[in-house]
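Written below as structure tokens is the structure these notes are about.
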Number of protein chains: 2
Amino acid sequence: MCNIELYCGDCLDVLQNIPDNSVDLIFTSPPYADRRKNVYGGIHPDKYVEWFLPRAEQFLRVLKPTGSFVLNIKERVVNGERHTYVLELIIALRKQGWLWTEEYIWHKKNCYPGKWPNRFRDAWERLLHFTKQKKFKMFQDEVKEPIGDWANTRLKHLGKNDVVRFNSRSGSGFGKNIANWLGKDLVYPTNVLHMATECGYRGHSAVFPVKLPEWFIKLFTEKDDLVLDPFVGSGTTCVAAYNLGRNCIGIDIKEEYIDLTKQRLEEIRKDEEILNVVVG
Amino acid sequence: MCNIELYCGDCLDVLQNIPDNSVDLIFTSPPYADRRKNVYGGIHPDKYVEWFLPRAEQFLRVLKPTGSFVLNIKERVVNGERHTYVLELIIALRKQGWLWTEEYIWHKKNCYPGKWPNRFRDAWERLLHFTKQKKFKMFQDEVKEPIGDWANTRLKHLGKNDVVRFNSRSGSGFGKNIANWLGKDLVYPTNVLHMATECGYRGHSAVFPVKLPEWFIKLFTEKDDLVLDPFVGSGTTCVAAYNLGRNCIGIDIKEEYIDLTKQRLEEIRKDEEILNVVVG
DNA sequence: GCCATTACTGAATCTTGCG
DNA sequence: CCGCAAGATTCAGTAATGG
């Protein structure tokens, strides 16, 4: 049974009804400054920290001591320069009591095309990892990856017959060997994530791929844990939580996005019993 | 003719003798806070900005208005948290008059191994791009990259010398050949650079690969321009400048590093006429 | 010359233990 | 109780060797 609760409203208000220390992971991609103007009233870059902080205070309250807060954000260019509101936000969040544990990089392999005279295409975003304590829940084995090139080049040199043998006769010695390689040679990832963006999901502009929240959900939560996304948008975090059997609370100020998310979840639901969407 | 001038001393002092608006590019990897303690006395993270600012003031003075300042840096972990001195440095440099034009990411493909309970291996560093003006010199075509697998596999077979020759002597037949060969499928890069660190290279342990300064030197300078590295270390920036036919001023507080750099340059010199190393 | 194999080395960071 | 030193852990390149 997987419970997904969706609420329409400003997370600053909605979160008042969520108890202290109840959430295992907050994963969110907030409205970037001056983006989605029509939605959040277009927060000015200079006012961004001021706007964010009271909401982060609620995040801090509802998050379990062993929980994690992952913030996907990237400063925009203002007047030819990168604006500093994200840097200021990090510093302000630390003053609020958060620990800035790590900064992961999302490398967007297929970033937005374009050409400018003073910069190249922007192919990365920040994934800021904040925690409440030095010790927190982390399940590193859940996101292990196949090993790098040397294994790949080796596999490449296996002829067709070898691959067939591996696939069809799992008992053969050679097949076993490969199986051992593939099974044993999982390594821990780094703090650089390589993932392509997904094209726009209907009404919503192109956002992050489902694999991105899935990676962090696997890393920082267990089954039946509770994930929170206070800026739901197209609902990708909720989809990821459902895919992995986690419960989820999603909040967005725009009813349209809540509806979109509900619809998206019902489309991928496989069994009536295992998904319970509640719109509050 | 390529002039490389090396000076031993604190760049804060040495730079006093360099005239205003005379440098086209500053590329440097300063001593990270609390690292290389034996060398730079180990600047404490909390004092880092304070230590850096007066030096940056000199950088600002000697840099041409159309020039660029590229700073390779990464905050270290202090007490389980990423320290904020780099963020504070960016904010302070802006107050000093710099424009924070862009932040490039260096993805270190072969980062240091290790395992910890609360983080993964650190596989990226910042390359902060500062300028004095909104308009500055940038030659984007010089760093175009081949696209697709065929080009990559073919490029791999070109030796180091071939690439250097292609880069420095654009008139040569061989260089032209490669240019024609690859000319078809060249695309502009993004702000994410994928390069392996160079480890254990014949005695001198170069931290960043020569390709890294080369990339920025090609991007922000022309032939015969002047490059400055105020924290020379193993001299990689000077080597890159020499490879590309740029003049260079290198400064380091440790005489040992000046000697190392001089030695390294003389080893790769191919012709007495084209390299002139002056140790001041 | 072309592969495959081996040895080696990092701007790392957490934990433990000693003074 | 705090600061510092040493140990344990871990992976992708690059160069050198061998067939």
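Because only heavy atoms are used, hydrogens play no part in the values below, and waters and symmetry mates are left out as well, while side chains stay in. A note on names: the letters A, B, ... follow the listed sequences, proteins ahead of strands, and every chain is numbered from 1.
- Listed candidates were C:dA11, D:dA12, D:dG13. Nearest to the side chain of B:Val207 is C:dA11.
- The pair A:Lys137-A:Glu222 counts as a salt bridge, with a side-chain nitrogen and a carboxylate oxygen less than 4.0 angstrom apart.
- Candidate nucleotides C:dA11, D:dT14, C:dT13 were compared by shortest atom distance to the side chain of B:Tyr32, and C:dA11 ranks first.
- Distance noted for atom C1' between D:dT9 and C:dG10: 14 Å (whole Å).
- With both pairing distances under 3.5 Å, C:dG19 is matched to D:dC2 as a Watson-Crick or G-U wobble pair.
- Between B:Arg82 and the choices A:His129, A:Glu102, A:Glu103, the side-chain hydrogen bond (donor to acceptor under 3.5 Å, both in side chains) rule is met once, by A:Glu102.
- In the set C:dT13, D:dG13, C:dA11, C:dA11 carries the atom at the smallest distance from any side-chain atom of B:Ser29.
- Comparing B:Arg119 and B:Pro113 by the nucleotide of DNA chain C whose heavy atom lies nearest to each, the residue mapping closer to the 5' end is B:Pro113.
- In this structure, NZ of B:Lys74 is placed 14 Å from P of C:dA11, rounded to the nearest angstrom.
- If you take CD1 of B:Ile43 and C1' of C:dA11, they are 13 Å apart, rounded to a whole angstrom.
- The side chain of B:Val77 lies closest to C:dC14 when the candidates are C:dA12, C:dC14, D:dG13.
- Regarding contacts with the backbone of C:dG10, every side-chain N or O of B:Asn110 stays at 4.0 angstrom or more from both OP1 and OP2.
- When rounded to the nearest whole Å, the span between NZ of A:Lys134 and P of C:dT13 equals 15 Å.
- In this entry the distance linking CZ of B:Phe208 with P of C:dT9 reads 22 Å, nearest Å.
- Annotation: B:Trp51 is in aromatic contact with B:Phe231 [ring centroid separation under 6.0 Å].
- The side chain of A:Lys135 sits closest to C:dT15 out of C:dA12, C:dT15, C:dT13.
- Side-chain proximity of B:Lys115 to the nucleotides D:dT9, D:dG13, C:dT13 is greatest for D:dT9.
- Atom NE2 of B:His83 and atom P of C:dA12 are 18 Å apart (whole Å).
- Distance B:Leu127 CG to C:dA11 C1': 14 Å, rounded to the nearest Å.
- Base-pair partner of C:dA11: not found among the strands shown (Watson-Crick or G-U wobble, both distances under 3.5 Å).
- Taking atom NZ of residue B:Lys108 and atom P of nucleotide D:dT14, one finds them 15 Å apart after rounding to whole Å.
- For the residue pair A:Asp141 / A:Tyr188, a side-chain donor-acceptor distance below 3.5 Å is found, with atom types taken as modelled.
- With both ends at atom C1', the span from C:dC14 to D:dA12 equals 22 Å, rounded to whole Å.
- Distance CG (B:Leu212) to P (C:dA11): 13 Å, rounded to an integer number of Å.
- Neither side chain, B:Gln58 nor B:Arg55, offers a donor N or O lying under 3.5 Å from an acceptor on the other.
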